[in-house]
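One structure is given here, and the rest of the page talks about it.
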Number of protein chains: 2
Amino acid sequence: MNDHSKPTLDDVARAAGVSTATVSRCLNSPDQVIAATRLRVMQAVETLGYTPDFGGRALASRRTNTVGAIIPTMDNAIFARGLQSFQETLSRFGKTLLVASSNYDPAREREQMEALAGRGADGLLLIGSARPDMSTDYLRRRGIPFVRAWNLGSGDGHFVGFDNRAAAAMLAERVIAYGHRRLSMIAGVTQMNDRAADRMAGVRDAARAAGIADADLPVIEAAYTFEDGARAMGELMARTPRPSVVMCGNDVLAVGAMQRARELGLAMPADVSITGFDDIDLARVVTPELTTVRVPHRRMGEAAAEMLIRLITKQPVETHVKIPTAIVERGTLGPPRD
Amino acid sequence: MNDHSKPTLDDVARAAGVSTATVSRCLNSPDQVIAATRLRVMQAVETLGYTPDFGGRALASRRTNTVGAIIPTMDNAIFARGLQSFQETLSRFGKTLLVASSNYDPAREREQMEALAGRGADGLLLIGSARPDMSTDYLRRRGIPFVRAWNLGSGDGHFVGFDNRAAAAMLAERVIAYGHRRLSMIAGVTQMNDRAADRMAGVRDAARAAGIADADLPVIEAAYTFEDGARAMGELMARTPRPSVVMCGNDVLAVGAMQRARELGLAMPADVSITGFDDIDLARVVTPELTTVRVPHRRMGEAAAEMLIRLITKQPVETHVKIPTAIVERGTLGPPRD
DNA sequence: TTGTATGCGTTATCAC
DNA sequence: GTGATAACGCATACAA
């Protein structure tokens, strides 16, 4: 073996003076090999810098101990946290996580499904359930189990997530209980994003129940940045009558809105109340601190991993695991001035 | 083929009435196949839901078009952004990115190196250069090219990053020019993190040049959270004499420090000045806005990808690419009160 | 243009 | 306890 090409089982076997089978056994079931030979083999492995080739191994053993996750974007604190615990749980079970991102594009998500399937993923984690049937059909046809997280789906399949709609409705009810009537909302982009759509629907549910017509509840959809939140806030505050509260689809939008409110000289919550969703670290950093919905991402990541593993190992498993959410009241929600 | 096992090249070939070689060609060099057969083959591919097996493909072709990146943690806006552009650039060149995280642990990083090497990564992206030689030796021995990013290293190898030390020194000079003499610092954890260590060294460089002894420059190391920043701020503010400025190793720590300053009733910058590092979105959200160092992460990710690809394809390539940084003065830095 | 045959690095099934 | 050897799914040199 020359210095610039990777050593193979064969190289190790030759160096240790044993057969490839023995080397393989040393790596996979060490106790089936006598200590003396094992030592010699491990020695050779070390000095040669041998690492088993995943492709060959997968080919021969027909399993990869790999699971994939396709998330909309890596550039987002929310998925990061949940994913982190997903992967920690996975590695406790000896599985490796492969992460891919779809950029909120169903076509791209489908490509990533195929890429991960091709890489031999034993199972997949998907975010939400807003996607073409074709995509999930593909996974079913290949017999690749998958779990959808971050939201609860209604149909067949396995889900672990929050009831985004109910949580948003509950927060809106709280807002209304403070006496607000002129509600407004800065929603996340609902296109192909059921979390954003559900949160919007939840707010509308509560508003309607309180006798507020959809027409009297202005909603602006905004992408996931401070700037977009600020821009939407500007538009909302320019309306007549001016909303007394702005409910935001996530904390990032809410903080952007707060920023604009401050620039406009509006006091919170006296002049305008603002609510968020997710309770990321950010929510406790702004002044006043943000009233929002706590979403236990780590717990969800863990539950998703466990569900997926049960699915892969064909153990009995629940189909819908609901992770509870909670309203956390801080400083940005108060009674309206009038 | 039954419904619950994945189709192979052979299944497709049989379904389309051609040989496996032809199917393979349809997928890899379509123009070598006549349109009629190609159509038939693609048809079969579609209906069977065939996706090439990565393992088999890698084994047979001896290349993977995959590059790996090992980052300290996914739960961090800074790496997320740079990584995003790294991967975008990569995919423009038809390469797939595999991401692994080391949790700031060199041993874990080494494991991930082996995992990625075993998965056939054509090249690797590493963060910074504080790691055991053994780790880089391993990569060299296997002939896997790698680029170290986020900092400029001094030794052999390929780097793309910032001069963290010089940038920190420049900011400290600016601070001193404002008239500050009682400097202090909340540094990131410097253990196995050359970015944090360099930023600390830079501040000390400038302080010493201004006649401030190390002993008169209290430094607290803190992990990467708001809470740790706030805690360190509390300790610093309890000292006598109280520092007139707190330079932070990153924006997150700075924002944590700001939060504590506010709780202590300290006005910024009148009572205490605070500086950050990185210029993440957060810096423009807090009040007053944070004075910090802008670090063009996207540009760096892109440069790193290009460098790695040149390395992999054995094109000529620079060894040290320096990405410029800039001080952005906002509201948290001003002259000391006294 | 298409088919045949071989080998990639590993595991697993046999013998020994 | 260890060694041959036959798969695994695919790409490719070579033949047709």
Side-chain angles (χ1 to χ4, degrees), chain A residues 1 5-42 44-45 48-66 114-115 117-122 142-143, chain B residues 1 5-42 44-45 48-66 114-115 117-122 142-143:
Chain A
M1 169 213 142
S5 86
K6 57 187 215 176
T8 70
L9 250 203
D10 216 63
D11 296 317
V12 179
R14 199 159 16 222
V18 297
S19 75
T20 62
T22 300
V23 179
S24 177
R25 273 187 290 256
C26 280
L27 269 35
N28 298 301
S29 33
D31 28 271
Q32 287 184 26
V33 141
I34 205 168
T37 33
R38 192 172 52 214
L39 195 69
R40 214 151 24 102
V41 168
M42 287 317 197
V45 165
L48 288 177
Y50 168 79
T51 304
D53 177 87
F54 178 81
R57 175 173 268 185
L59 210 49
S61 68
R62 311 183 58 62
R63 59 195 147 65
T64 62
N65 280 330
T66 292
E114 301 192 15
R119 283 192 138 76
D122 296 331
R142 303 229 354 171
Chain B
M1 170 211 138
S5 85
K6 57 185 212 177
T8 69
L9 249 203
D10 218 63
D11 297 317
V12 179
R14 200 159 15 225
V18 297
S19 76
T20 60
T22 298
V23 179
S24 176
R25 276 188 287 257
C26 279
L27 268 35
N28 298 301
S29 34
D31 28 274
Q32 287 183 25
V33 162
I34 206 168
T37 31
R38 191 172 52 213
L39 196 70
R40 212 153 24 105
V41 169
M42 288 316 198
V45 166
L48 289 177
Y50 169 76
T51 304
D53 178 85
F54 177 80
R57 175 172 268 186
L59 212 48
S61 68
R62 314 185 55 62
R63 60 194 147 63
T64 63
N65 280 331
T66 291
E114 300 192 15
R119 282 195 141 77
D122 296 330
R142 302 225 359 168

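Residue numbering restarts at 1 for every chain, and letters A, B, ... go by the order of the sequence lines. These values consider heavy atoms only, across backbone and side chains, with no hydrogens, waters or symmetry-generated copies.
- The side chain of B/S19 places no N or O atom within less than 4.0 Å of a non-bridging phosphate oxygen (OP1 or OP2) of C/dT2.
- Here C/dT11 presents its P atom at 11 Å from CZ of A/R25, a figure rounded to the nearest Å.
- Among the nucleotides C/dT1, C/dG3, C/dC8, the one closest to any side-chain atom of B/V18 is C/dG3.
- Formation of a donor-acceptor pair under 3.5 Å by the B/S61 side chain with backbone atoms of B/R57 is found in this model.
- Here A/R119 contributes atom CZ and B/T51 contributes atom OG1; the two are 12.5 Å apart, rounded to the nearest 0.5 Å.
- Atoms CZ (A/R63) and P (C/dT10) sit 15 Å apart, rounded to a whole Å.
- Between A/T20 and A/V33, it is A/V33 whose nearest contact on DNA chain D lies nearer the 5' terminus.
- To the nearest angstrom, P of C/dC8 lies 12 Å from CG of A/D53.
- Among the nucleotides C/dT1, C/dG3, C/dT13, the one closest to the side chain of B/I34 is C/dT1.
- In this structure, B/R57 does not reach the C/dC8 phosphate: none of its side-chain N or O atoms is under 4.0 Å from OP1 or OP2.
- Base engagement by B/S24 is indicated by at least one non-hydrogen atom pair under 4.0 Å involving a base atom.
- Across all strands shown, B/R38 has no heavy atoms under 4.0 Å from either base or sugar-phosphate atoms.
- Separating the CG atom of A/L9 from the P atom of C/dG9 is a distance of 10 Å, rounded to the nearest angstrom.
- The distance from the SG atom of B/C26 to the CG atom of B/D31 is 10.5 Å, given to the nearest 0.5 Å.
- Atom CG in B/D10 sits roughly 14 Å away from atom P in C/dA5 (whole-Å rounding).
- For the pair B/R40 and C/dT1, the criterion of a side-chain N or O lying under 4.0 Å from OP1 or OP2 is not met.
- Here chain A contacts DNA chain D (any atom closer than 4.0 Å to a heavy atom, that is under 4.0 Å), and the contacts span D/dG1 to D/dG9 from 5' to 3'.
- Put simply, the side chain of B/R142 never gets that close to the backbone of A/K6: no donor and acceptor are under 3.5 Å apart.
- One interatomic measurement links the two molecules: CG of B/L27 to P of C/dT2, which rounds to 15 Å at whole-angstrom precision.
- In this structure, A/Y50 reaches the sugar-phosphate backbone alone: every heavy-atom distance under 4.0 Å involves primed, P, OP1 or OP2 atoms, never a base.
- When the C1' atom of C/dG9 is taken as reference, atom CG of A/N28 falls 13 Å away, rounded to whole Å.
- Using a 4.0 Å cut-off between charged side-chain N and carboxylate O, A/R14 and A/D10 make a salt bridge.
- For B/D122, the side-chain contact (heavy atoms from CB on, under 4.5 Å) partners at least two apart in sequence or on another chain are B/T64, B/N65, B/K95, B/I312.
- Going from atom CZ of B/F54 over to atom P of C/dG9 covers 14 Å, rounded to whole Å.
- Of all the heavy atoms in A/V18 and A/V23, the pair that sits closest is CG2-CG2, 3.7 Å.
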